[in-house]
Amino acid sequence: MTTVTGVWQWLTDPAHWSGPDGIPARTLEHVQISLLALPVAVVIAVPAGILLGRSGRAAFLTFSVGSVGRAIPTFALLFIFASWDPVGVGDEAAVLALVLFAIPPLLTNTYIGLREVDHDALDSAVGLGMTSWQRLWRVELPLSVPLVSAGLRTTTVQVVATASLAAFVGGGGLGRYVVDGFGQQDTVLVMSGVVLISALCLATEGLLALLQRAATPPGLRAGAEGVATSV
């Protein structure tokens, strides 16, 4: 039996689609870990990016945070939190590590999105007598949607993929199949976990692409699609 055949048989075995260790339950755990981390990161990074982007200050700090954040391995953060007594092993360590993982790209993209708003549009808004808040809500945020949403889309897919590491510190999710497969030296189980994680990432990417298109003003959609493939 080849690995491909074994993976297909494993995935289509009804026994693997029920119970607490079944594919639906593990997928739900995986999504929960991701959804617990992302909103926290968004609440921290997006307002900070808007504030810094509007002021035009702290550019060096913003890009330094982004660079340092990307340089620190998520795996290292995971084990640091897991070995910290107030957190310990399990999903909580993974959520905290994913929050720190997601903040830098969200912060950087939001900052750039605000800084690249068309200056002529801003001048026109000032000329129309708009207040600072009106310019933010009516001009700056709508025009920054392509970059901000592209950053959110890319970060979300990365978080979903990285949530697989939760299983290495006793957490749940689809990464459990990969870790258990390595422990049992079961190649079919490892590859089945990899296939499921990849499928979830692709499904997330497709769903977010549709949402990004729906949230982007019609006149900016061509630019948004270009940004989404380049960020």
Side-chain angles (χ1 to χ4, degrees), residues 17-50 65-66 69-70 72-82 84 86-110 113 141 145 147-180 192-216 224 228 231:
W17 288 85
S18 62
D21 295 329
I23 294 171
R26 291 300 186 196
T27 302
L28 181 60
E29 290 174 352
H30 200 106
V31 172
Q32 287 176 335
I33 293 170
S34 303
L35 290 182
L36 283 171
L38 271 171
V40 177
V42 168
V43 167
I44 295 172
V46 172
I50 292 173
V65 169
R70 289 188 176 96
I72 299 176
T74 307
F75 211 67
L77 292 173
L78 198 61
F79 281 96
I80 289 172
F81 284 122
W84 186 29
V87 180
V89 297
D91 291 343
E92 292 80 6
V95 170
L96 289 174
L98 288 173
V99 168
L100 294 183
F101 169 78
I103 285 176
L106 288 173
L107 176 66
T108 304
N109 271 71
T110 305
L141 288 181
V145 162
L147 267 173
V148 176
S149 60
L152 179 60
R153 174 177 161 187
T154 304
T155 303
T156 301
V157 175
Q158 290 175 341
V159 165
V160 171
T162 309
S164 310
L165 298 178
F168 283 93
V169 291
L174 294 171
R176 191 77 262 161
Y177 297 130
V178 177
V179 173
D180 290 347
S192 297
V194 171
V195 169
L196 290 169
I197 294 166
S198 301
L200 182 59
C201 290
L202 290 174
T204 303
E205 167 69 16
L207 175 62
L208 291 177
L210 293 175
L211 291 176
Q212 182 185 2
R213 182 176 176 79
T216 304
V231 172

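Numbering starts at 1 and runs along the sequence shown.
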Please list every donor-acceptor pair under 3.5 Å in which a side-chain atom of residues 155-162 meets a protein atom from a residue at least two apart or in another chain.
from : atom 1 : to   : atom 2 : distance (Å)
T155 : OG1    : G151 : O      : 2.6
T156 : OG1    : L152 : O      : 2.6
T162 : OG1    : Q158 : O      : 2.6

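- Closest of all the heavy-atom pairs between A166 and A94 is CB-CB, 3.4 Å.
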(message) side-chain contact (heavy atoms from CB on, under 4.5 Å), that's the test. Do I197 and V178 meet it? Break it down for me.
(response) CA-CA 10 Å; I197 294 166; V178 177; 4.1 Å; yes
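- For the residue pair F101 and P104, the shortest heavy atom distance occurs at O-CD, 3.6 Å.
- In terms of heavy-atom proximity, P47 sits nearest to V42 at CD-O, 3.3 Å.
- The shortest distance between side-chain heavy atoms of L96 and L100 does not fall below 4.5 Å.
- Residue pairs that meet the side chain to side chain donor-acceptor pair (under 3.5 Å) test with at least one member in residues 19-41, sequence neighbours left out, are D21-R26, R26-E29.
- When all heavy atoms of L106 and A45 are compared, the closest pair comes out as CB-CB, 3.6 Å.
- Although no hydrogens or angles enter the test, the distance criterion places a donor-acceptor pair under 3.5 Å between the side chain of D91 and the main chain of G172.
- Nearest heavy atoms, A150 versus N109: C-ND2, 4.5 Å.
- Under the side-chain contact (heavy atoms from CB on, under 4.5 Å) test applied with I33, the options L165, L174, L38, L98 reduce to a single match, L98.
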(message) Would L141 and I50 count as a side-chain contact (heavy atoms from CB on, under 4.5 Å) here? Give the steps.
(response) CA-CA 9 Å; L141 288 181; I50 292 173; 3.8 Å; yes
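- The shortest side-chain heavy-atom distance between Y177 and I23 falls under the 4.5 Å cut-off.
- With rounding to the nearest 0.5 angstrom, the CG atom of L210 is 6.5 Å from the CG atom of L207.
- Between atom CD of residue Q212 and atom OG1 of residue T154 there is a gap of 8.0 Å, rounded to the nearest 0.5 Å.
- In this structure, V179 and A167 approach most closely via the heavy-atom pair CG2-CB, 3.6 Å.
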